[in-house]
Amino acid sequence: MYYKIDFDNIKLDFDANEFWVLDQKLLPFEEKYISLKSVNDVYNVIKEMNVRGAPLIGVVALLGLYLGNSLENDMEFLKSARPTAVNIFNYFNQFKKYLGNHQNYKEKIVDFIFEVIETEEERNINIAKNGLNLIKGLIEEDKKVVNFLTHCNTGSLATVGLGTALGIIKYTHREYSGKKVCVWVDETRPYLQGSRLTAWELKREGIDFKIITDNSAAYVMSQGLVDFVIVGADRIARNGDTSNKIGTLNLAVLCKYFNIPFVVAAPNSSVDYNLDNLALFHVEERNKEEVIKIGEIFLTDKDYEVYNPSFDITPHTLIDYIVLDTGVYSRPYGF
Ligand code: MRU
C-alpha cells in the first residue's frame with residue numbers, strides 16, 4: 001500500500017516496509033528525501049531534525065513503531081529523541097489504548113497511523129477556520145492589510161496538513177476576501193526554521209513576506225506594523241502555559257508592551273492533559289554546534305561556552321488566545 005500525503009513531506013509504503021521523509025535540513029535549496037527502514041533511521045531523522053515540528057515528529061515516531069520490533073522499548077527510545085513536543089507521547093498513549101488486549105500490535109498500527117493522519121489533517125482545517133473567525137472579530141472592517149508576525153515553522157512542513165499557526169495565515173490569505181495578508185517571518189535562530197522553511201512555504205503559497213532577524217521584532221512592532229503575533233506550540237499545559245520554539249517568550253513579552261494580540265495555535269494533540277502548568281517543565285537543550293557553526297563554518301571560537309535551550313515557556317498570563325481545533329479560548333484557560 002503506497003500513500004503520500006498532500007504536501008509530500010512524508011511518503012509511505014507499508015508493503016515495502018519503507019518510508020521517506022523530506023529532508024528539511026536541505027530546504028530551501030534542495031528537495032531530497034531520506035529513506036526510513038528501521039526504528040534507528042526514524043530516531044535519527046527526529047533527533048537530527050531532518051524532520052521537525054510537533055505533529056510531524058509524532059506521526060514519524062509512529063512509523064518508527066511500525067518498523068521496530070519491541071513496542072515498549074521502541075516507544076521509550078523514540079520519545080527520548082525530542083522530549084519537549086507532547087505529540088509523540090500523546091499518540092503513543094492513544095495507541096496503547098487503541099490496542100487494548102490485542103497481542104500483535106503490527107496488525108493494528110497501520111490503521112491507527114492513517115486515523116492519526118486523517119484526524120490531524122481535519123484538525124488543521126478546524127484550527128484555520130477558528131483562527132480566521134478570531135481575526136475577523138479583531139480586525140477593523142476598513143483595514144485592507146492584515147500583518148502577522150510568526151516564529152519558527154508551523155506549516156505543512158511541521159504537520160501532516162495545512163499547518164497550525166501558519167495554517168491560519170494561509171487560510172486567511174485564501175478566504176478573507178478584500179484583505180491582503182503580509183507576514184513578518186522571524187528567522188528563528190539557531191536552526192532558521194523561519195528564514196528557510198516558513199519562507200519556503202509562504203513563497204509557494206504566494207503570500208507576501210519579509211524575513212527579519214529575531215532581534216528586529218520589537219522595532220517592527222514599535223512602528224505599528226504588526227496586527228497579530230501567531231505561533232505554534234510543542235506542549236500546552238491545562239492552564240495554558242505553552243512551550244514553543246526558543247524566542248516565543250520574547251515575542252509574548254513584547255506583545256504585552258505594544259498591546260498586540262499574542263495567539264498560540266495548535267491541535268488537541270499538542271495539549272498535555274496530565275500537566276496543570278509548565279512552571280517546572282524542563283525543555284530540551286541541544287548541542288552548541290547549532291549556535292556557533294553554520295555548515296562547516298565557525299561563527300565564533302569553537303571553545304566558547306554556549307547555552308542552547310531549544311524551547312522556552314510562555315506563561316498563560318501572556319497569551320491572549322489559544323486556537324485549538326475545538327475552538328478559540330482565552331484566559332482563564334482550563335483544558
Ligand atoms: O525544533 P522544532 O523545529 O521541532 O520546533 C518546532 C516548533 O517549535 C513549532 O512551533 C511547534 O512544533 C509547532 S509545529 C505545528
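Whatever order the structure lists ligands and atoms in, that order sets their numbers, starting from 1.
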Tabulation required: pairs of a nitrogen or oxygen in ligand 1 and a protein nitrogen or oxygen under 3.5 Å; columns are atom names and distance to 0.1 Å; otherwise 'none'.
unit_1, atom_1, unit_2, atom_2, d
ligand 1, 1 (O), R82, NH1, 3.4
ligand 1, 1 (O), R82, NH2, 2.7
ligand 1, 1 (O), K245, NZ, 2.7
ligand 1, 3 (O), R52, NE, 2.8
ligand 1, 3 (O), R52, NH2, 3.3
ligand 1, 3 (O), Q193, NE2, 2.8
ligand 1, 4 (O), G53, N, 2.9
ligand 1, 4 (O), R82, NH1, 3.1
ligand 1, 8 (O), D234, OD1, 2.8
ligand 1, 8 (O), N244, OD1, 3.0
ligand 1, 8 (O), K245, N, 3.2
ligand 1, 10 (O), N244, OD1, 2.6
ligand 1, 12 (O), A54, N, 2.9
ligand 1, 12 (O), D234, OD1, 3.1
ligand 1, 12 (O), D234, OD2, 3.1

- Query: Counting only N and O atoms by type, is there a donor-acceptor contact under 3.5 Å from the side chain of D214 to the main-chain atoms of E187?
  - Reply: yes
- Message: Using a 3.5 Å distance criterion without hydrogens, assess whether the side chain of N90 forms a donor-acceptor pair with backbone atoms of V271.
- Response: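 A pair under 3.5 Å: yes.
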- State whether Y33 and K11 meet the cation-pi test: NZ (Lys) or CZ (Arg) under 6.0 Å from the six-membered ring centroid, and within 45° of the perpendicular axis.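 Relative to the ring axis of Y33, which defines the angle, K11 lies inside both limits.
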- Any cation-pi pair here, R204 with W200, using under 6.0 Å and within 45°?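 The answer is yes; both the distance and angle limits are met.
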Which atom pairs, one a donor and one an acceptor, fall under 3.5 Å between side chains of residues 205-212 and the rest of the protein, sequence neighbours left out?
unit_1, atom_1, unit_2, atom_2, d
E205, OE2, R174, NE, 2.7
E205, OE2, R174, NH2, 2.7
D208, OD2, K180, NZ, 2.3

- Pick one: which of W184, F262, F228 meets ring pair (Phe, Tyr, Trp, His ring centres under 6.0 Å) with F148? F228
